[in-house]
Structures are given as C-alpha cells and as structure tokens.
**Student:** 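Next up is a structure, given as structure tokens.
Lettering of chains follows the sequences in order, A, B, ..., and the numbering in each one begins at 1. Note that the coordinates shown come from a computational prediction; the quantities given were computed from them, not determined experimentally. The analysis underlying the following values was restricted to heavy atoms, covering all of them including side chains, and did not include hydrogens, waters or symmetry mates.
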Amino acid sequence: MNLKNNSNGREGRPSRKLLSPDLYKLTALQAGPLLLGQHLVRRTEDGEIRCRIVETESYGGAEDKGSHAYGGRRTARTEVMFSAGGTAYVYLIYGMYHCVNVVTAAEHDPHAVLIRAVEPLTRTDAARMEAYRGITVKKPAGLSGGPGKLCRALRIDKSLNGCRLDDPLGPLWLEQGDSPETLDIAAAPRINIPYAEEYAPLPWRFYLRGNPYVSVIDKQAQPFFLG
DNA sequence: CCCGGGATGTTCT
DNA sequence: GAACATCCCGGGC
C-alpha cells in the first residue's frame with residue numbers, strides 16, 4: 001500500500017492538545033459524530049502511534065437494544081460502561097478480536113461510542129500499525145478499517161479496559177483533531193446487530209464520507225449535519 | 001466481485 | 001450450550 005501520504009494530505013505535526021472534556025459528558029448519540037476527526041493516541045513500549053478517528057458507532061442509554069448495557073444490564077463485562085465519561089471500554093469479540101469504545105455521559109448512565117475505523121496520521125504511524133497487524137495489507141481499510149483490525153493495529157486489548165482517555169501519561173488517550181464542522185459526515189445503520197430489533201435500522205453509525213479507511217460504505221447513508 | 005466456513009474464548013442463559 | 005458490536009482465506013463466478 002502507499003504509505004507516502006495519508007488520505008487528507010496532511011503530514012503536519014499534531015497539535016497534542018487533549019480533547020475537550022465536555023465531549024465525554026454527552027450522550028453516545030451526540031458524541032459519535034463529534035469524535036470523528038479527533039485523534040486517538042496509543043503508547044506502547046515501542047513508542048506512540050497517532051491516528052484519526054474516521055468511523056464510529058453510538059451505543060446506549062439503557063433503552064438501546066443494540067447495547068451491551070440494554071435494560072441497565074450491569075455485569076463484569078459491562079461494568080465500565082457505567083463509569084463516568086472518558087473511560088475506555090474494551091471487550092473481546094468472537095474469541096479473538098477486541099473492540100474499543102469511548103464511554104460517555106454521566107456515571108451510572110451507560111453510553112459508549114465504538115471506534116470502528118482509524119487512519120494513521122503519518123507514514124511512521126502506518127508502518128508501526130502494519131507491523132502490529134502482522135499481515136500484509138493491500139488497501140487502507142485492510143490496515144485499520146474495522147473495530148477488530150484497529151485494535152490489532154494499535155495493540156489494544158482487555159488490559160486497557162477501564163483506562164482514562166484524558167490522561168496523556170496513560171496507554172491510550174484522545175487529542176483534539178480537526179474541527180468537526182468542516183467534515184463531510186455520513187450516517188448509516190450500525191453493523192451486525194440484527195438482535196437490536198427496532199434499534200437495528202437507526203442511523204447511529206457515523207463516518208467520514210470518502211475516507212478510504214472506513215470499514216463499510218453504505219450507499220444509502222444520509223448526510224449528517226452537526227447541530 | 002460475492003459467498004461460506006472456520007478460528008477462538010468470554011459471556012450469559 | 002448458544003451467541004457474539006469480527007476477520008481472513010479460499011473457491012466460484
């Protein structure tokens with residue numbers, strides 16, 4: 001794959017400014033589109049990897065039948081969904097992949113935004129992510145387009161469950177990225193949640209239209225305007 | 001391009 | 001014992 005440029009043509013030094021804590025207080029539905037364009041930073045023993053969030057899905061409120069915390073279900077797995085906004089919720093799926101979420105809203109009110117795709121900020125970030133993936137990727141989306149892929153690419157596993165995302169001394173945190181109002185956002189139904197019944201078709205998946213790292217393009221996706 | 005099957009283990013019924 | 005907010009690979013167009 002071509003690692004020379006990232007898709008938005010920017011190779012500038014990142015701002016390294018933490019994401020505004022106000023975002024963590026919002027509902028998942030509000031925060032989902034606002035997380036697009038923000039930067040996710042992962043520190044391992046090998047150094048830091050920076051990427052932009054390009055696809056999200058909102059889960060929650062106790063009424064969302066697609067959410068692990070539907071009906072207020074509070075178990076060992078879902079416990080961190082009930083913590084205060086700004087916490088990472090990481091779980092194992094299908095026995096071999098992890099998914100990472102940004103917990104939002106107030107303590108005891110379970111909301112989470114699944115990060116479904118990220119884009120490396122620089123070719124150095126891309127190279128490290130490809131090394132962590134352990135396979136040769138042919139297309140950008142093959143690197144980090146999908147929740148399991150991006151966790152592999154960033155070496156995210158359950159050991160990060162419950163960590164704070166507002167702590168740049170920790171293993172994983174969020175920084176301010178592009179202004180969301182300049183982004184072309186698409187809204188579409190969430191992926192692989194047939195059990196969610198009437199919640200399944202709701203357009204709670206958000207992605208940057210045209211971004212090559214997005215996992216699934218929905219031809220019926222609606223334009224989304226921040227309001 | 002579009003399938004179908006298998007991997008793999010935690011969670012919940 | 002079934003389900004699972006997934007992914008990869010191989011085979012058939």
**Student:** Take A:Tyr97 and A:Arg73, find for each the nucleotide of DNA chain B with the closest heavy atom, and name the residue whose nucleotide sits nearer the 5' end.
**Tutor:**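 In this pair, the answer is A:Tyr97.
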**Student:** Which part of the nucleic acid does A:Ile93 contact within heavy-atom distance under 4.0 Å: base, sugar-phosphate only, or nothing?
**Tutor:**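 Sugar-phosphate: the residue A:Ile93, judged by heavy atoms under 4.0 Å, touches backbone atoms but no base.
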**Student:** Please name the nucleotide paired to B:dT8 by Watson-Crick or G-U wobble geometry with both distances under 3.5 Å, or report none.
**Tutor:**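 Answer to the pairing question: none, since B:dT8 forms no Watson-Crick or G-U pair.
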**Student:** Applying the ring pair (Phe, Tyr, Trp, His ring centres under 6.0 Å) test to A:His68, which of A:Tyr59, A:Tyr195, A:Tyr91 qualifies?
**Tutor:**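 The ring pair (Phe, Tyr, Trp, His ring centres under 6.0 Å) with A:His68 is passed solely by A:Tyr91 among A:Tyr59, A:Tyr195, A:Tyr91.
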**Student:** So what does A:Gly148 hit on the nucleic acid, given a heavy-atom distance under 4.0 Å: a base, only sugar-phosphate, or nothing?
**Tutor:**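 If one applies the 4.0 Å heavy-atom cut-off, A:Gly148 turns out to touch the sugar-phosphate alone, with no base involved.
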**Student:** With sugar-phosphate meaning primed atoms plus P, OP1 and OP2, does A:Lys65 contact a base, only sugar-phosphate, or nothing at under 4.0 Å between heavy atoms?
**Tutor:**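 The residue A:Lys65 makes no contact with any strand.
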**Student:** Does the aromatic ring of A:Tyr59 sit over the six-membered base ring of C:dA5, closer than 5.5 Å centre to centre and tilted less than 30°?
**Tutor:**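 Taking the rule of under 5.5 Å and under 30°, the ring of A:Tyr59 does stack on C:dA5.
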**Student:** So, A:Arg205 versus A:Thr56: side-chain donor-acceptor pair below 3.5 Å or not?
**Tutor:**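 No donor-acceptor contact under 3.5 Å links the two side chains.
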**Student:** Do A:Val100 and A:Leu160 make a side-chain contact, defined as non-hydrogen atoms from C-beta onward lying under 4.5 Å apart?
**Tutor:**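 Contact flag for A:Val100/A:Leu160 side chains = no.
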**Student:** Tell me which nucleotide among C:dC8, C:dT6, B:dA7 gets nearest to the side chain of A:Tyr94.
**Tutor:**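 The listed nucleotide nearest to A:Tyr94's side chain is C:dT6.
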**Student:** Less than 3.5 Å apart, any donor N or O on the side chain of A:Arg116 or A:Ser215 sitting next to an acceptor on the other?
**Tutor:**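 The answer is yes; a qualifying pair exists.
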**Student:** Has A:Thr75 got a side-chain N or O lying under 4.0 Å from the OP1 or OP2 atom of B:dT11?
**Tutor:**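 No, no such contact exists.
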**Student:** What interatomic distance, in whole Å, is found between C1' of C:dA5 and the corresponding atom of B:dC3?
**Tutor:**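 These two C1' atoms come out 22 Å apart once rounded.
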**Student:** Under 4.0 angstrom, heavy atoms only, what part of the nucleic acid is A:Arg116 near: base, sugar-phosphate, or nothing?
**Tutor:**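 It contacts sugar-phosphate atoms only.
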**Student:** Measuring from A:Arg50:CZ to A:Arg128:CZ, what's the distance to the nearest 0.5 Å?
**Tutor:**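 It is 11.5 Å, given to the nearest 0.5 Å.
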**Student:** Measure from the side chain of A:Leu92, starting at C-beta and using heavy atoms only, and say which of C:dA5, B:dT8, B:dG9 lies closest.
**Tutor:**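 So the nucleotide nearest the side chain must be B:dG9.
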**Student:** Hey, does the side chain of A:Lys149 come within less than 4.0 Å of C:dC8's phosphate (OP1/OP2), counting only N and O?
**Tutor:**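 Looking at the OP1 and OP2 atoms of C:dC8, one of them is under 4.0 Å from a side-chain N or O of A:Lys149.
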**Student:** If the cut-off is 4.0 Å, is A:Arg133 near the phosphate of C:dC8, judged by side-chain N/O to OP1 or OP2?
**Tutor:**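 For C:dC8, OP1 or OP2 has a side-chain N or O of A:Arg133 closer than 4.0 Å.
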**Student:** Compare the minimum distances between each of B:dT8, C:dT6, B:dT11 and the side chain of A:Lys158, then state the nucleotide with the smallest one.
**Tutor:**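 Nucleotide nearest to A:Lys158's side chain: B:dT11.
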**Student:** Taking any strand in view, what nucleotide pairs with C:dA5 in a Watson-Crick or G-U wobble way, both distances under 3.5 Å?
**Tutor:**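 Paired with C:dA5, as far as the under-3.5 Å criterion goes, is no nucleotide at all.
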